[in-house]
Number of protein chains: 2
Amino acid sequence: MSSENPPPSGRPVSDGPARYASGANLPLLRGHNAAVLLELLRAAGEGGVSRLELAERSGLTPQAVSKITARLREDGLAAEAGRRASTGGKPRTVLRLVPGARHAIGLHLDRDESVTVLADLAGEPVAVRRAPLDLGAGAPEVLAAAAAQVAEVRAAAPEAQVIGAGVACPGPLDHRTGVLHRVTGLPQWDGYPLRAALAEQLGLPVVLDKDTNAAAHGLAQHARGAGSFGYLHLGTGLGAGLVLGGAVHRGARTGAGEFGHQVVQLDGPPCGCGKRGCIEALCLAAVAAGDPAEAARVLGVGAANLVELLDVDRVLLGGRTVLGDPDTYVRGVAASLDGQLRARGSGGARSVPVMAAPGGPDAVALGAAHLVLASLFGAPQGPFAGPPPVI
Amino acid sequence: MSSENPPPSGRPVSDGPARYASGANLPLLRGHNAAVLLELLRAAGEGGVSRLELAERSGLTPQAVSKITARLREDGLAAEAGRRASTGGKPRTVLRLVPGARHAIGLHLDRDESVTVLADLAGEPVAVRRAPLDLGAGAPEVLAAAAAQVAEVRAAAPEAQVIGAGVACPGPLDHRTGVLHRVTGLPQWDGYPLRAALAEQLGLPVVLDKDTNAAAHGLAQHARGAGSFGYLHLGTGLGAGLVLGGAVHRGARTGAGEFGHQVVQLDGPPCGCGKRGCIEALCLAAVAAGDPAEAARVLGVGAANLVELLDVDRVLLGGRTVLGDPDTYVRGVAASLDGQLRARGSGGARSVPVMAAPGGPDAVALGAAHLVLASLFGAPQGPFAGPPPVI
DNA sequence: TGCACTTTGGCAACAGCGTTGCTTAAGTGG
DNA sequence: CCACTTAAGCAACGCTGTTGCCAAAGTGCA
């Protein structure tokens with residue numbers, strides 16, 4: 001019965017015109033609950049969960065969990081995996097996600113390099129390919145290179161059932177339409193409908209997002225409990241990905257996360273962007289001067305501004321510059337941030353942890369794959385709202 | 001049948017322990033759809049909407065809309081109100097919200113004044129009371145004064161069915177537990193469980209929120225279409241309320257919106273908070289020096305930082321200082337903000353409108369009442385997630 | 001005036017959802 | 001070996017939105 005349902009999540013494949021508020025019906029309810037249980041199964045990891053535990057965590061009745069997990073098992077998405085120790089009665093049967101049941105492609109198109117991953121349902125990379133890329137070359141060349149690399153990772157797991165591809169790019173873009181906007185330094189991509197082009201080239205549903213957003217989305221999967229954090233990415237520029245309440249915040253026009261051009265020095269030194277005293281200019285100047293400690297101090301002040309404005313749980317650092325000297329940056333930013341917060345703290349003085357983003361150089365590509373997988377799982381926050389980039 | 005349901009929204013009154021992701025069942029589905037239609041009815045205002053229009057906007061079938069609106073009419077929340085012109089067949093029957101069917105109290109406890117409103121379902125004030133208040137006095141005095149004022153507005157509409165009270169306070173607090181945290185300058189309120197105390201005193205469900213959040217929430221109701229904006233409140237201090245995707249963003253610990261203590265001048269002049277170069281210090285210094293233009297310029301730089309980080313649609317200004325000279329501030333901030341954005345704009349150059357927040361001195365109290373009313377209406381964004389302050 | 005047509009909205013039957021009551025399965029402990 | 005406990009499935013159920021059909025209420029043309 002359920003094996004013929006196109007997407008196991010039950011969410012509408014194309015949600016039509018954006019409505020102010022949407023009513024819900026039974027198929028949506030069913031898909032929602034399935035996605036919630038799938039999310040809980042994934043969160044449980046290899047240890048698995050019993051049906052009763054799923055019931056407690058989801059708020060569904062045990063019987064409903066039994067029915068829904070039976071459908072998930074029919075679809076091959078979940079399986080029984082041993083039993084718990086008995087507590088005086090029949091032992092609980094452990095259910096586990098079947099990671100290999102579905103796969104997703106993650107594609108990170110950077111200015112000089114492309115990274116492609118094939119990720120399984122658990123979000124783990126099954127295959128990774130990395131190759132030089134000239135994003136400044138023409139669209140046909142870039143598309144062909146991307147398609148070839150995607151074919152390679154698909155060949156690495158021939159029987160993998162791929163549900164879509166997530167693509168991460170630098171620069172402003174519109175994740176709803178999948179169109180690029182003025183990629184800094186590469187005007188030829190202005191207004192290019194990359195999502196549509198890639199979808200046709202690959203023959204797969206494609207979601208497009210900014211690199212920092214993809215990374216932040218991927219990082220959010222590692223954090224249980226619908227947390228919130230800011231991911232600061234210091235590389236050739238300084239950007240941020242914001243996760244608020246467990247979901248990536250993209251803003252009205254996918255423009256959120258412009259962290260680098262916040263002014264922290266009124267009438268300060270000019271920045272390449274045309275403004276003065278941008279944190280990116282100050283930071284990169286310090287990096288160029290070989291003073292990572294000063295860069296970290298400035299970054300910490302900006303991080304404090306972000307933490308106070310958004311009240312996030314923690315701050316994650318990533319990007320090439322940070323990865324080159326993680327300790328200095330993590331400690332420097334933590335000290336600076338702590339100093340700022342502590343100065344304010346008339347008692348409360350909460351401290352916000354600063355850490356290096358896990359995942360290393362594949363984090364963005366893996367996050368892009370997660371964007372696709374997210375359509376299967378229940379959003380930690382607004383169930384029916386679903387993840388913004390609908391396939 | 002439906003008149004015996006405790007809350008017409010169908011949402012659980014107390015949601016128990018916070019769960020990672022929650023499953024949904026039929027009562028929740030029913031409540032959700034009722035709330036969605038109620039929201040659409042309210043959005044339609046006095047003009048009303050037909051059943052078919054409700055069906056189009058909600059995505060529900062016309063028959064479902066008929067059933068659900070029939071229940072709303074039974075509960076007295078909606079009523080038929082005339083007909084549209086015919087377009088060649090039977091004319092559409094217009095449905096309208098019955099504003100007087102329910103009411104909510106809004107209570108704004110400021111440092112030196114309290115404002116109490118009784119708002120109807122449409123969010124319009126039915127009665128307003130304003131009185132001096134010394135928030136520094138003991139809790140019993142403040143509670144008694146609040147209770148007396150609430151009794152007054154209730155007496156102004158004796159037959160009003162009041163569903164709860166929303167309370168807005170300055171300073172950090174926890175909106176989930178309803179406990180105050182270190183209200184600046186009033187240490188005696190530290191850790192005071194204001195929500196519980198007021199709920200007992202008034203005999204009503206109470207939601208507690210920060211004043212800027214309440215104002216922002218109220219302002220969000222006037223903006224159709226799940227927009228996002230930053231509300232900057234310049235009074236004795238400088239704070240902000242953030243509305244992202246139609247919902248107030250409070251952060252992990254209700255601490256979001258600390259706009260005033262973002263550093264915009266590294267190693268700048270010391271601020272009362274202990275840091276240096278806070279925008280609040282710079283702004284208030286300019287105000288004290290009788291230079292609102294400079295204050296507006298600085299505010300505009302901070303607003304630009306916020307707009308770029310969060311990609312909001314617009315910026316609203318409020319608070320006593322702004323209300324004292326709205327034109328100067330609105331124009332000054334708009335010019336400064338535009339200058340910042342235009343400098344960056346390598347083409348796009350979108351402009352973000354700046355305007356004075358409507359509502360004037362009652363905006364906070366009215367917003368607090370809206371917090372209560374929101375529990376009846378469908379959240380524009382995440383349906384089942386519901387509004388953060390659960391009654 | 002009358003008839004054809006269009007559109008709205010209610011009625012009744014229906015499929016599908018989670019829920020409830022009960023039964024069976026599968027252990028522990030005396 | 002039996003009483004007890006806990007887990008999970010089966011069947012009936014209530015309720016949801018949906019579908020097919022029909023009455024109501026207009027317009028427009030003959």
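Within every chain, numbering begins at 1; the chains are lettered A, B, ... in the order of the sequence lines, protein sequences first and strands thereafter. Since this is a predicted model, take the numbers as computed values, not measurements.
With sequence neighbours excluded, no residue forms a salt bridge (Lys or Arg N to Asp or Glu O under 4.0 Å) with A:Glu200. Looking at residues two or more places apart in sequence or on another chain, you find a salt bridge (Lys or Arg N to Asp or Glu O under 4.0 Å) between B:Arg92 and B:Glu53.
Distance, A:Arg30 CZ to D:dT18 P: 15 Å, rounded to whole Å. If you measure from atom CG of A:Leu52 to atom P of D:dA7, you get 5 Å, rounded to the nearest angstrom. Rounded to a whole Å, the NE2 atom of B:His32 is 13 Å from the C1' atom of D:dG17. Distance CZ (B:Arg51) to P (C:dC11): 11 Å, rounded to an integer number of Å. Here the P atom of nucleotide C:dG9 and the CG atom of B:Leu95 are 8 Å apart, to the nearest Å. Atom CG in A:Leu60 sits roughly 17 Å away from atom P in D:dA7 (whole-Å rounding). The distance from atom CZ of B:Arg92 to atom P of C:dG9 is 8 Å, rounded to the nearest whole Å. Regarding A:Glu80, its CD atom lies at a distance of 15 Å from the P atom of D:dA7, rounded to whole Å.
Both A:Thr69 and B:Lys67 sit near DNA chain D, but only A:Thr69 has its closest nucleotide nearer the 5' end. Nearest-nucleotide positions on DNA chain C for B:Ser50 and A:Thr61 put B:Ser50 closer to the 5' end.
Contacts of A:Leu26 with the nucleic acid, taken as non-hydrogen atoms under 4.0 Å apart, include base atoms.
Donor-acceptor pairing under 3.5 Å, judged by distance alone, is absent between the side chain of B:Gln63 and the base of D:dC21.
Distance from the side chain of A:Asn33 is smallest for C:dG18 among the nucleotides C:dG18, C:dT8, D:dA8. Out of C:dG10, D:dA8, C:dC17, the shortest distance to the side chain of A:Ser66 is found at D:dA8. Distance from the side chain of A:Arg73 is smallest to D:dG9 among C:dC11, C:dC17, D:dG9.
The main-chain N or O of B:Val167 is never found under 3.5 Å from a side-chain atom of B:Arg195 such that the two would form a donor-acceptor pair.
A salt bridge links A:Arg42 to A:Glu39: one of the charged nitrogens lies within less than 4.0 Å of a carboxylate oxygen.
Heavy-atom minimum distance, B:Gly245 versus B:Ser228: N-CB, 3.6 Å. Of all the heavy atoms in B:Leu118 and B:Ala157, the pair that sits closest is CD2-CB, 3.6 Å. Pairing each heavy atom of B:Leu29 with each of A:Ala24, the nearest pair is CD1-CB, 3.4 Å.
Contact annotation: B:Asn25 side-chain N/O to C:dC17 OP1/OP2 distance is not under 4.0 Å.
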Identify each atom pair where a protein N or O and an N or O of nucleotides 27-30 of chain C are less than 3.5 Å apart, giving names and distance.
| unit_1 | atom_1 | unit_2 | atom_2 | d |
| --- | --- | --- | --- | --- |
| C:dG27 | OP1 | A:Arg83 | NH1 | 2.8 |
| C:dG27 | N2 | A:Gly88 | O | 3.1 |

